[in-house]
Amino acid sequence: MINISRLLVLFTGILLIQSSEITFATLFLFFSYIGYIYFPISYIFGSLKNLQKNLESIKKLYQEFDNIAQDEDIK
C-alpha cells in the first residue's frame, strides 16, 4: 500500500513538473517528507505483526503450562 501511494505521488509529481506547476526540487522535497511519514507507519505495522506472533507464542506457552499442570493433577 505504501509503495503504491509513493508511485502515485511520483507519477502525479512528474505530471505537475511537465505542466510547469512545480519544480523538480519541490517534488524531491515533497517525496522526502513523505518518507518521514511512511517510515514510522511501516515500522509500526511491522511491529504489530511481530507483536501478534509473540502473543501467539505466549498463548502456546501458557497452554503447555496448563497441560503440565493437568498431567500432574492426574498423577
Side-chain angles (χ1 to χ4, degrees):
M1 185 73 171
I2 290 173
N3 289 332
I4 292 172
S5 61
R6 282 183 179 170
L7 288 174
L8 183 65
V9 167
L10 187 62
F11 180 71
T12 306
I14 290 171
L15 290 176
L16 290 173
I17 287 173
Q18 286 177 346
S19 65
S20 299
E21 294 184 34
I22 64 172
T23 63
F24 178 76
T26 306
L27 176 62
F28 182 76
L29 207 68
F30 188 73
F31 206 70
S32 297
Y33 286 142
I34 286 176
Y36 285 119
I37 294 169
Y38 285 147
F39 178 73
I41 290 172
S42 64
Y43 180 76
I44 288 170
F45 284 121
S47 296
L48 290 176
K49 184 178 178 181
N50 288 335
L51 181 63
Q52 248 180 347
K53 286 180 183 178
N54 291 339
L55 287 174
E56 288 297 320
S57 297
I58 290 170
K59 284 180 186 177
K60 288 179 184 177
L61 182 67
Y62 279 128
Q63 287 175 352
E64 288 297 320
F65 280 131
D66 285 343
N67 291 341
I68 291 172
Q70 290 174 1
D71 288 345
E72 289 179 0
D73 289 342
I74 294 173
K75 291 180 183 180

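Predicted, not measured: the structure shown is a model, and the values here were computed from it.
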Same cluster (ILVMFWY, side-chain, under 4.5 Å), Phe30 and Phe39: no
With rounding to the nearest 0.5 angstrom, report the CD1 to CG distance, Ile44 to Leu51. 12.5 Å
Tell me whether Ile22 is reachable from Phe31 by hopping between hydrophobic residues (I, L, V, M, F, W, Y) whose side-chain heavy atoms are closer than 4.5 Å. yes
Least distance between heavy atoms, Gly35 atom then Pro40 atom: O-CD, 4.3 Å
Output for pair (Asn3 CG, Tyr38 OH), nearest 0.5 Å, gives 9.5 Å
Does Leu55 have more than 12 heavy atoms from other residues, nucleotides or ligands lying within 6.0 Å of its CG? yes
Interatomic distance, CG@Asn54 vs CG@Leu61, rounded to 0.5 Å, equals 12.0 Å
Starting from Phe45, can I reach Ile37 by hopping between I/L/V/M/F/W/Y residues whose side chains sit under 4.5 Å apart? yes
Rounded at 0.5 Å granularity, tell me how far NZ in Lys49 sits from OG in Ser47. 12.0 Å
When clusters are formed by joining ILVMFWY residues with side-chain heavy atoms under 4.5 Å apart, either directly or through shared neighbours, do Leu48 and Ile41 land in the same one? yes
Would the number of heavy atoms belonging to other residues, nucleotides or ligands and lying under 6.0 Å from CD of Gln52 be above 12? no
Looking at CZ of Phe24 and CG of Leu29, how far apart are the two atoms once the value is rounded to the nearest 0.5 Å? 11.0 Å
Test of understanding: clusters of I, L, V, M, F, W, Y form through side-chain heavy atoms closer than 4.5 Å, transitively. Do Leu15 and Val9 belong to the same one? no
If you apply the rule side chain to side chain contact (heavy atoms under 4.5 Å, CB included), what do you find for Thr23 with Thr26, and how did you get there? CA-CA 5 Å; Thr23 63; Thr26 306; 3.0 Å; yes
